[in-house]
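Take a look at the structure set out below.
Remember, predicted model here, so these are calculated numbers, not experimental data. So you know, we letter chains A, B, ... as the sequences are listed, proteins then strands, and number each from 1.
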There are 2 protein chains.
Amino acid sequence: MTPYQRIKNQILRRLAQGKATFWQLVNYQDSHLVDFLEAIKELLKEGLIKYEKPFFYLSSSYAGLPYEDPGCLFCNSFSKSKFWQELLERFKELTKDRPLPTSDYDQGFIRPIDTVRRVAFIYERGDLERTEVFILGDDDLLSLAMALTKLPKRVVVVEIDERINEFIRKKTKEIGYEALEVYNYNVIDSLPSHLERSFDVFFTDPVETEKGLKLFVSRCISSLKGKGSVGYMGFTHREASLRKWRDFEKFLIDSGFVITDILRDFTTYPEAENQWEDFYRTYRIMQEFDLELPDVDWYKSCLLRFEVVKGPYLLPIDKPKDLEELYFDDEAWATPLPSYLEKKEGR
Amino acid sequence: MTPYQRIKNQILRRLAQGKATFWQLVNYQDSHLVDFLEAIKELLKEGLIKYEKPFFYLSSSYAGLPYEDPGCLFCNSFSKSKFWQELLERFKELTKDRPLPTSDYDQGFIRPIDTVRRVAFIYERGDLERTEVFILGDDDLLSLAMALTKLPKRVVVVEIDERINEFIRKKTKEIGYEALEVYNYNVIDSLPSHLERSFDVFFTDPVETEKGLKLFVSRCISSLKGKGSVGYMGFTHREASLRKWRDFEKFLIDSGFVITDILRDFTTYPEAENQWEDFYRTYRIMQEFDLELPDVDWYKSCLLRFEVVKGPYLLPIDKPKDLEELYFDDEAWATPLPSYLEKKEGR
């Protein structure tokens with residue numbers, strides 16, 4: 001996706017609602033005035049829109065979905081839009097028998113409303129319509145929420161947990177979405193070559209160890225097409241220090257990205273639904289202080305968006321030497337001990 | 001301000017509302033679990049709080065303001081809190097005869113509610129209470145909104161426009177806040193030495209030319225105390241490309257900061273109140289396309305927050321060689337031509 005394509009998406013779907021002035025349109029897209037004007041000029045030249053001062057309007061009908069305002073994504077989401085409300089209800093229904101987290105892969109899922117909020121934020125940015133999306137690790141079932149919108153051109157999930165892969169495959173069939181592919185994949189391995197340089201957008205919720213973090217994101221970067229492609233990820237303050245954040249931001253910028261959004265504590269991990277009471281006994285935080293099990297949802301993560309300005313470049317990284325190094329470092333105080341590590345001496 | 005001090009602020013003001021569990025408290029502060037637990041332990045050791053499993057509570061009364069929830073800062077702000085509602089009303093009343101923008105300094109102010117939202121966001125982060133705040137350029141009158149809270153230890157404004165300086169001085173007296181100082185200052189000059197390395201927090205809304213941007217922020221960086229100090233700034237997509245954003249983010253990270261928040265289009269510049277119809281005829285965007293004056297508010301800016309992890313380091317920068325280079329580059333398409341430049345040949 002070129003940057004202009006993203007702006008054009010944003011302009012066309014807005015005009016599908018009705019005519020708009022230049023200044024009204026500015027508010028429905030994300031780019032610099034120079035790029036916005038360039039996108040407008042291209043659309044005029046292509047004959048897709050017309051200008052009768054002061055209004056722009058569509059020349060013919062629009063094949064896609066006219067702009068659906070999801071409302072405020074920080075609190076009262078979806079109250080204005082039947083499209084988004086129905087999407088949330090369908091997503092909840094579709095995923096109610098989802099697999100529960102296993103400590104073997106440091107799993108935990110976010111609230112269904114937060115998954116749909118993530119989709120809506122991606123949609124707002126013009127990153128969903130007619131794009132090819134790569135998802136590394138999907139216990140949140142983001143792919144299914146995207147599939148329900150029917151907006152992306154293609155969604156590919158790579159995930160290590162066969163239970164989740166089976167679940168996604170089954171549900172995809174149920175809803176009759178054919179553009180979703182699921183592959184069994186271990187992040188330790190290189191990305192299969194047929195998935196390299198093929199996507200406009202990636203999403204991942206990486207492990208947050210120094211080495212694991214870069215490994216996850218590096219695999220994702222190798223999936224991107226190039227300039228104008230974007231990455232999204234969840235990242236916490238709970239288990240990642242500001243020193244680690246800074247080091248990781250430097251990595252992103254050196255890889256050719258600009259960071260465009262950092263939404264603090266955008267998503268919440270619900271304690272009750274995750275049923276991970278058993279995990280707590282192995283959390284380091286429980287060993288460091290005399291605590292009872294949580295009485296509120298407290299594990300939250302920020303949403304980051306970053307866009308390729310140059311490259312992207314695949315920088316050399318230190319790969320974790322084993323699963324212990326993938327899941328644990330000095331900052332991982334709320335990460336469960338996988339069963340295969342519990343038996344090891346010295347822990 | 002040390003990072004622990006910020007967390008302690010956030011914990012104490014929450015406990016001033018009533019006792020809370022460990023997990024409840026986590027949700028009222030921003031830091032990593034390790035730092036949070038360290039702050040808790042220090043507060044216990046200092047005797048300021050007590051722990052009777054599962055609750056933490058204050059040992060004695062709290063001298064400051066118990067936590068006041070400003071609500072969702074993206075839409076329905078301040079609906080839950082009389083404190084914030086009254087602050088907004090008082091700020092509007094106090095500033096209703098504010099100076100209008102002059103094209104000589106590329107001015108324009110944000111909506112009063114957005115100024116108070118900025119204060120509330122700074123408050124939420126624990127960056128307002130008992131801190132020393134440096135503001136470079138203040139036609140938004142952020143200093144007065146902060147003064148009305150009476151929370152900071154000290155607020156210093158440096159600003160080139162004597163009309164604004166006089167206005168702030170007069171209003172500060174009116175409200176009887178003694179910890180606000182105002183200095184006449186041109187960003188081209190070095191910061192007076194008595195203002196160097198003296199502040200916990202800075203705020204600036206810089207010009208967005210490549211050279212101007214770094215000049216503004218560099219002056220601000222020289223005002224900060226060190227590790228744990230934070231910067232806030234407004235930055236737009238309207239007049240700054242993603243290439244410029246990336247270059248600037250690299251500058252921040254190289255200066256020792258981590259970027260913690262990027263809130264897209266957090267603030268709006270109201271057309272009617274700014275009365276800048278006259279400015280438009282000199283905007284480059286009006287010369288590039290046949291446009292009428294705006295019928296909606298369209299100029300918006302993002303809010304960035306960044307925190308010192310190392311240093312901060314004062315990097316060498318290219319200073320603009322004159323006022324034209326300070327205010328104009330290829331991306332400044334909605335910047336008014338100052339009167340002293342209008343007379344120059346060739347423009």
>> Which atoms of B:K41 are under 4.5 Å from chain A, going by heavy atoms: the side chain, the backbone, both sets, or neither?
In response: side chain
> What residue, out of A:L304, A:D290, A:L293, A:T21, has the most heavy-atom pairs lying under 4.5 Å from chain B?
Replying inline: A:D290
> Shortest non-hydrogen contact from B:A240 to A:H32?
Replying inline: N-CD2, 3.2 Å
>> With rounding to the nearest 0.5 angstrom, report the CG to NE2 distance, A:D30 to B:H237.
In response: 6.5 Å
> Would you find more than 12 non-hydrogen atoms of other residues, nucleotides or ligands less than 6.0 Å from A:D330 atom CG?
Replying inline: no
> Distance-only, no hydrogens or angles: does the A:N27 side chain make a donor-acceptor pair with backbone N or O of B:D297 under 3.5 Å?
Replying inline: yes
>> How about CD on A:E52, more than 12 heavy atoms from neighbouring residues, nucleotides or ligands closer than 6.0 Å, or not?
In response: no
> What residue, out of B:R243, B:Q24, B:K250, has the most heavy-atom pairs lying under 4.5 Å from chain A?
Replying inline: B:Q24
>> Can you confirm whether or not the ring centre of B:F36 sits under 6.0 Å from the ring centre of A:F289?
In response: no
>> Please find the pair of heavy atoms, one from A:E292 and one from B:P54, that lie closest to each other, and give the distance.
In response: OE1-CB, 4.0 Å
> Of the backbone (N, CA, C, O) and the side chain (C-beta and beyond), which part of A:L37 lies under 4.5 Å from a heavy atom of chain B, both, or neither?
Replying inline: side chain
> Can you tell me how far CH2 of A:W23 sits from CD1 of B:I285, rounded to the nearest 0.5 angstrom?
Replying inline: 6.0 Å
> CG/A:L242 to OG/B:S31 distance, rounded to the nearest 0.5 angstrom?
Replying inline: 8.5 Å
> Does the B:E249 side chain pair with the main chain of A:I259, one donor and one acceptor, at a distance under 3.5 Å?
Replying inline: yes
> Can you tell which of A:V26, A:V309, A:L73, A:I253 has the highest number of heavy-atom pairs within less than 4.5 Å of chain B?
Replying inline: A:I253
> Is it the backbone or the side chain of A:T236 that comes under 4.5 Å from a heavy atom of chain B, or both, or neither?
Replying inline: neither
>> Taking side chain as everything from C-beta outward and backbone as N, CA, C, O, which of these in B:K53 sits under 4.5 Å from a heavy atom of chain A? Side chain, backbone, both or neither.
In response: side chain
> What part of B:R305 gets closer than 4.5 Å to chain A, counting heavy atoms only: side chain, backbone, both or neither?
Replying inline: side chain
> Less than 4.5 Å apart, any side-chain heavy atom of A:W245 and any of B:T260?
Replying inline: no
